[in-house]
Amino acid sequence: MDISVVIPLYNEEESLPELASWIERVMDANGFTYEILFIDDGSTDRSLDVIKKLAAANGNIHAVSFSRNYGKSPALNTGFRRAKGDVVITMDADLQDSPDEIPELYRMITKEGYDLVSGWKKKRYDPLSKTIPTKLFNATARAVSGIKNLHDFNCGLKAYRNAVIKHIEVYGDMHRYIPYLAKNAGYHKIGEKVVHHQARKYGHTKFGLDRFVNGYLDLGTLWFQSKFGVKPMHIFGLLGSLMFIIGFFAVLVVLVLKIIAINSDTYHFYVTNSVYFYLSLAAMIMGLQFFLSGFIGELITRNSPERNNYLIAEEL
């Protein structure tokens with residue numbers, strides 16, 4: 001099969017018939033063998049009924065329906081596990097992503113050898129309250145991930161080699177960082193294509209401004225996991241050692257001042273009145289906690305069933 005189109009959706013009953021018809025026209029015009037995977041993320045409208053009618057009319061349409069709303073990342077991960085196409089295309093169901101982009105995305109994967117191609121909505125039909133935070137978010141994601149050539153990490157329109165989506169796990173809200181997840185899995189040929197962004201035709205956006213706050217938190221989590229997820233002792237042990245050293249020198253200062261006070265008739269020094277005493281206590285306790293956190297993390301990693309799950313590119 002040439003292409004799997006994975007479409008997560010939530011309450012998009014009005015746009016689904018037009019989207020399915022548009023994808024079908026593009027596929028037939030280019031002679032692609034394909035499947036469309038609608039992942040209904042617990043819609044409360046008639047989306048599932050519409051999908052059932054579409055599937056009855058087109059055998060290439062399949063669907064998964066969640067019992068409740070889990071989020072875009074679980075929907076994408078579910079679709080990825082079921083996708084069979086050599087190239088996997090993801091797009092949103094709100095008609096803001098154009099299926100006319102599919103042939104060129106397919107060509108970039110199959111002919112130019114990209115592992116992943118991300119869309120870039122260079123001209124957007126969004127309010128400033130959304131576009132400005134998006135620019136800041138993408139600048140931060142580029143700096144942290146090291147993927148300098150992507151302008152729009154969160155664009156829903158992307159294309160992947162099938163092997164890529166089978167070797168990454170998209171959970172929580174990590175759909176924003178799929179290129180980063182792919183890079184961490186060893187897929188480094190990541191490209192970008194300017195795509196057409198259409199104004200929303202039906203309904204309203206399902207995302208609020210809180211996604212930007214959560215996005216930064218998820219980015220921090222992903223960065224930490226990529227750097228220290230396998231060897232947590234490297235960061236916690238280092239921090240613990242530094243704090244313990246600070247505490248040790250603070251104790252030495254307290255000891256020296258006390259010795260001076262003992263041998264002096266005019267200088268009086270009380271240990272509990274010294275800031276160095278409390279600094280030494282706090283630093284040593286924090287250092288011990290950091291060190292133990294790293295040790296516990298190492299034990300968890302050592303007993304993880306995924307600790308030796310390495311991606312093998314080729315075996316002769």
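Computation of the quantities below employed the complete heavy-atom set of this structure, encompassing side-chain atoms and omitting hydrogens, waters and symmetry-equivalent molecules.
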Problem set entry | Test side-chain hydrogen bond (donor to acceptor under 3.5 Å, both in side chains) applied to Asn11 and Thr44, step by step | CA-CA 6 Å; Asn11 291 346; Thr44 55; 3.2 Å; yes

Keeping [X] on the side-chain end and [Y] on the backbone end, is there a donor-acceptor pair under 3.5 Å?
X: Lys52; Y: Ala63; answer: no
X: Lys183; Y: Ile178; answer: no
X: Ser43; Y: Asp40; answer: no
X: Ser145; Y: Tyr180; answer: no
X: Ser15; Y: Glu12; answer: yes
X: Asp97; Y: Met91; answer: no
X: Asn138; Y: Phe153; answer: yes
X: Arg142; Y: Leu150; answer: yes
X: Asn30; Y: Val26; answer: yes
X: Asn263; Y: Ile259; answer: yes

Residues [X] and [Y] bridged, charged N to O under 4.0 Å:
X: Asp92; Y: Lys72; answer: yes
X: Lys189; Y: Asp115; answer: no
X: Glu101; Y: Lys193; answer: yes
X: Asp152; Y: Lys122; answer: no
X: Arg107; Y: Glu112; answer: yes

For this session: Go through the steps for Asn69 and Asp41 under the test side-chain hydrogen bond (donor to acceptor under 3.5 Å, both in side chains), then give the verdict.
Result: CA-CA 5 Å; Asn69 182 245; Asp41 189 21; 2.7 Å; yes

Between [X] and [Y], is any pair of side-chain heavy atoms under 4.5 Å apart?
X: Arg82; Y: Ser4; answer: no
X: Val88; Y: Arg161; answer: no
X: Leu9; Y: Phe38; answer: yes

Tell me whether [X] at atom [atom1] has more than 12 heavy atoms from other residues, nucleotides or ligands lying less than 6.0 Å away.
X: Met286; atom1: CE; answer: no
X: Tyr106; atom1: OH; answer: yes
X: Lys84; atom1: NZ; answer: no
X: Phe66; atom1: CZ; answer: yes
X: Lys258; atom1: NZ; answer: yes

same_hphob_cluster([X], [Y]) at 4.5 Å side-chain heavy-atom cutoff:
X: Phe248; Y: Met243; answer: no
X: Ile23; Y: Leu95; answer: yes
X: Ile262; Y: Leu255; answer: no
X: Met174; Y: Leu76; answer: yes

For this session: Give the C-alpha distance, both sets of side-chain angles, the deciding distance and a yes or no for ring-ring contact (aromatic ring centres under 6.0 Å, His included) between Tyr276 and Phe249.
Result: CA-CA 9 Å; Tyr276 292 105; Phe249 279 108; over 10 Å; no

Exercise. Looking at Val164 and Ala182, what are the two nearest heavy atoms and their distance?
Worked result: CG1-CB, 3.9 Å

For this session: Check whether the side chains of Thr110 and Asp86 place a donor and an acceptor atom closer than 3.5 Å, and report yes or no.
Result: no

For this session: Assert yes or no for the condition that the ring centre distance of Tyr160 to Tyr114 is strictly below 6.0 Å.
Result: no

Problem set entry | Audit row: Thr33, Asp2, side-chain hydrogen bond (donor to acceptor under 3.5 Å, both in side chains) steps and yes/no | CA-CA 5 Å; Thr33 56; Asp2 295 325; 3.2 Å; yes

